[in-house]
Amino acid sequence: MEKGCVVKALAGKEKGQIFVLINLDDKYAYLSDGKRLKASKPKRKSFKHIKVFCSRVLSEAELIDQNERVNAKIRKILSNIRRDYV
């Protein structure tokens, strides 16, 4: 797992939803969907509750830029993935 990957939630109220991995630490992954969970305030989830869905879609440089453009990119990427896989 690395920053910028698309992951799928396996547990919790977000079960079955896809997110972009914004950040990592020793125990948790921080996820954003660009709408409810913005890149500036991501959802913290344990590694055992997520699975990598797609390879890297955003670079680290794009993730550093924490503003509305990042959230718009995340929404667009996730909508394209949902359209292709559903």
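Between Leu31 and Leu37, every side-chain heavy-atom pair lies at or beyond the 4.5 Å cut-off. For the pair Lys35 and Asn71, the minimum side-chain heavy-atom distance is 4.5 Å or more.
Not a single side chain to side chain donor-acceptor pair (under 3.5 Å) links Asp26 to another residue, sequence neighbours left out. Partners of Tyr30 under the ring pair (Phe, Tyr, Trp, His ring centres under 6.0 Å) rule, at least two apart in sequence or in another chain, do not exist in this structure. With sequence neighbours excluded, no residue forms a side chain to side chain donor-acceptor pair (under 3.5 Å) with Lys43.
Both Val70 and Ile81 are members of a single hydrophobic cluster when ILVMFWY side chains are connected at heavy-atom separations under 4.5 Å.
Scanning all heavy atoms of the two residues, the minimum distance from Ala29 to Phe47 falls at CB-CE2, 4.0 Å.
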Please list every donor-acceptor pair under 3.5 Å in which a side-chain atom of residues 8-22 meets a protein atom from a residue at least two apart or in another chain.
| from | atom 1 | to | atom 2 | distance (Å) |
| --- | --- | --- | --- | --- |
| Glu14 | OE1 | Lys45 | NZ | 3.3 |
| Glu14 | OE2 | Arg36 | NH2 | 3.4 |

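A distance of 9.0 Å separates CZ in Arg75 from OG in Ser32, rounded to the nearest 0.5 Å.
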